[in-house]
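Structure, as C-alpha cells:
These numbers were taken from a predicted model, which means no experiment stands behind them. Because only heavy atoms are used, hydrogens play no part in the values below, and waters and symmetry mates are left out as well, while side chains stay in.
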Amino acid sequence: MDSSSTRRQATRQKLYEAAVTLIAEQGFSATTVDEIAERAGVAKGTVYYNFASKTVLFEELLRHGVGLLTASLREAAEGTEERGGSKVDALDAMIRAGLVFIDRYPAFTQLYVAELWRTNRAWQSTLLVVRQEAVAVVEGVLREGVEAGELSEEIDIPLTAAALVGMVLVAALDWQAFQPERSIDDVHSALSRLLQGRVSGTRA
C-alpha cells in the first residue's frame, strides 16, 4: 500500500470514529457533515472527498465495522482449529472474540443493533448483507460440528447461528449499560455455560 492510500485509509478511519460516536450520541438525522468533520479534525471537503454523502459514509461505516467483527470471529475459529480444539471450543472462542470487539467498539455496536430494527433506511440491504457475512462464519462452524458428529443433527443451523450472535450482542450491551463493574471474563464465563449446556441443575 503506497503512502497516499495509507493516508486516505487513516483519514477514513478518523471519519468512521467521529461519525459513529456522534450518531450513537444524537442519531443519524441530527448529525451533520460539519460536525463529523469537526470531530475528526478535518475540513468538510475531506468528508466529501472520501464519501459522496453522509448516507454513503454511514453505509461504509456499517460495512467496515461488521467486517472487523466478521474477521475477528473467523480468526477465533481458525485459531482454535490450529490448536486442535473442538467445534464447541471454536464457538466459545468466537463468543470471546465478539465480546472483545464490542468492548472495544461500544458505540458502533449500539448503532449496529439499533439499525438492525429500523426499516426504510437507504443502507438496509447493505446491513442485511454484512450481518449475514458475520452470521455465516458461525453457521460454518456449526455445520462442521454437525458433520463431525460433535453437535446434534437436529439443530437448526441458521437460527442457532443467529441466536449465538444475538446472545453475544445483547448480553454485551446489557453488561456495558447495567453491569459495567463485571469483567469480560465474568460475561464470557456466563455465556460459555449457556453454550455448553451447563445451566440446568443436577437434581433429577
Side-chain angles (χ1 to χ4, degrees), residues 1-79 94 96-138 162 165-166 168-178 180 184 187:
M1 196 182 278
D2 62 32
S3 60
S4 64
S5 58
T6 303
R7 259 198 320 275
R8 188 170 188 200
Q9 201 55 46
T11 300
R12 281 179 161 239
Q13 186 63 42
K14 279 199 291 189
L15 290 169
Y16 287 144
E17 287 170 8
V20 74
T21 309
L22 284 164
I23 294 168
E25 285 171 4
Q26 58 195 32
F28 177 78
S29 301
T31 299
T32 66
V33 170
D34 285 329
E35 287 174 314
I36 293 169
E38 186 182 340
R39 180 73 65 99
V42 301
K44 184 177 179 179
T46 303
V47 181
Y48 289 117
Y49 175 73
N50 284 275
F51 304 99
S53 66
K54 186 175 73 166
T55 297
V56 171
L57 165 57
F58 191 59
E59 191 168 343
E60 288 302 312
L61 167 64
L62 289 169
R63 196 187 295 279
H64 173 72
V66 182
L68 290 176
L69 172 60
T70 303
S72 68
L73 295 176
R74 191 175 286 118
E75 283 167 20
E78 289 171 356
M94 291 161 95
R96 176 89 187 190
L99 291 173
V100 168
F101 174 88
I102 294 161
D103 191 40
R104 187 174 176 190
Y105 303 108
F108 174 80
T109 306
Q110 289 166 18
L111 205 53
Y112 170 68
V113 171
E115 289 301 318
L116 277 177
W117 307 113
R118 294 187 192 279
T119 54
N120 303 322
R121 293 288 216 190
W123 49 80
Q124 196 69 26
S125 58
T126 296
L127 188 58
L128 294 175
V129 168
V130 295
R131 173 205 164 274
Q132 186 50 39
E133 286 171 3
V135 174
V137 180
V138 184
V165 172
V168 173
L169 285 171
V170 175
L173 289 177
D174 188 272
W175 159 41
Q176 292 177 336
F178 305 115
I184 195 168
V187 183

Report, one line per pair, each donor and acceptor closer than 3.5 Å where one atom sits in a side chain of residues 14-22; sequence neighbours left out.
unit_1	atom_1	unit_2	atom_2	d
Glu17	OE2	Gln13	NE2	3.2
Thr21	OG1	Glu17	O	2.7

Measure the [atom1]-[atom2] distance between [X] and [Y] for me, rounded to the nearest 0.5 Å.
X	Y	atom1	atom2	result
Trp175	Ile102	CH2	CD1	8.5 Å
Thr109	Leu169	OG1	CG	7.0 Å
Leu61	Phe51	CG	CZ	8.0 Å

Partner residues of [X] under the side-chain contact (heavy atoms from CB on, under 4.5 Å) criterion, sequence neighbours left out:
X	value
Gln132	Val135, Ala136, Glu139
Glu78	Arg74
Arg8	Arg12, Tyr49, Asn50

Identify the two heavy atoms, one from [X] and one from [Y], that lie closest to each other, and give their separation to 0.1 Å.
X	Y	value
Val66	Ala134	CG1-CB, 4.2 Å
Gln176	Pro106	OE1-CB, 3.5 Å
Thr70	Val130	OG1-O, 4.5 Å

Note to self: Restricting to side chain to side chain donor-acceptor pair (under 3.5 Å), what partner residues turn up for Thr55, sequence neighbours left out?
What the structure shows: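 None.
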
Checklist line | Listed partners of Asp174 passing side chain to side chain donor-acceptor pair (under 3.5 Å), at least two apart | finding: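 For Asp174 the side chain to side chain donor-acceptor pair (under 3.5 Å) partners, ignoring immediate neighbours, are Gln179.
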
Next item on the list: Indicate yes or no: at least one non-hydrogen side-chain atom of Ile184 is less than 4.5 angstrom from one of Arg96.
Entry: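 Result yes, sub-4.5 Å side-chain heavy-atom pair found.
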
Notebook entry, point to check: Would you call Leu127 and Arg121 a side-chain contact if the rule is heavy atoms closer than 4.5 Å?
Noted result: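 With C-beta onward as the side chain, the pair stays apart.
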
Check: What pairs with Arg118 under salt bridge (Lys or Arg N to Asp or Glu O under 4.0 Å), at least two apart in sequence or on another chain?
Finding: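 For Arg118, the residues satisfying salt bridge (Lys or Arg N to Asp or Glu O under 4.0 Å) (neighbours in sequence not counted) are Glu115.
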
Item checked: Counterpart residues, ring-ring contact (aromatic ring centres under 6.0 Å, His included), relative to Trp123 (two or more places apart) ->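 In terms of ring-ring contact (aromatic ring centres under 6.0 Å, His included), with neighbours along the sequence ignored, Trp123 is linked to Phe28, Phe58.
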
Note to self: Suppose we screen for ring-ring contact (aromatic ring centres under 6.0 Å, His included). Which residues come up paired with Tyr105, at least two apart in sequence or across chains?
What the structure shows: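 Tyr105: ring-ring contact (aromatic ring centres under 6.0 Å, His included) contacts with Phe101.
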
Next item on the list: Write out all pairs satisfying salt bridge (charged side-chain N to carboxylate O under 4.0 Å, His left out) with one or both partners inside residues 128-137, taking only residues at least two apart or from two chains.
Entry: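 Residue pairs with at least one partner in residues 128-137: there are none.
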
Solution key, residues 32-48 side-chain donor-acceptor pairs under 3.5 Å, sequence neighbours excluded:
unit_1	atom_1	unit_2	atom_2	d
Thr32	OG1	Glu35	N	3.1
Thr32	OG1	Glu35	OE1	3.3
Asp34	OD1	Lys44	NZ	3.4
Glu35	OE1	Gln26	NE2	2.9
Glu35	OE1	Thr32	N	2.9
Glu35	OE2	Gln26	NE2	3.4
Arg39	NH2	Glu25	OE1	3.4
Thr46	OG1	Ala43	O	3.4

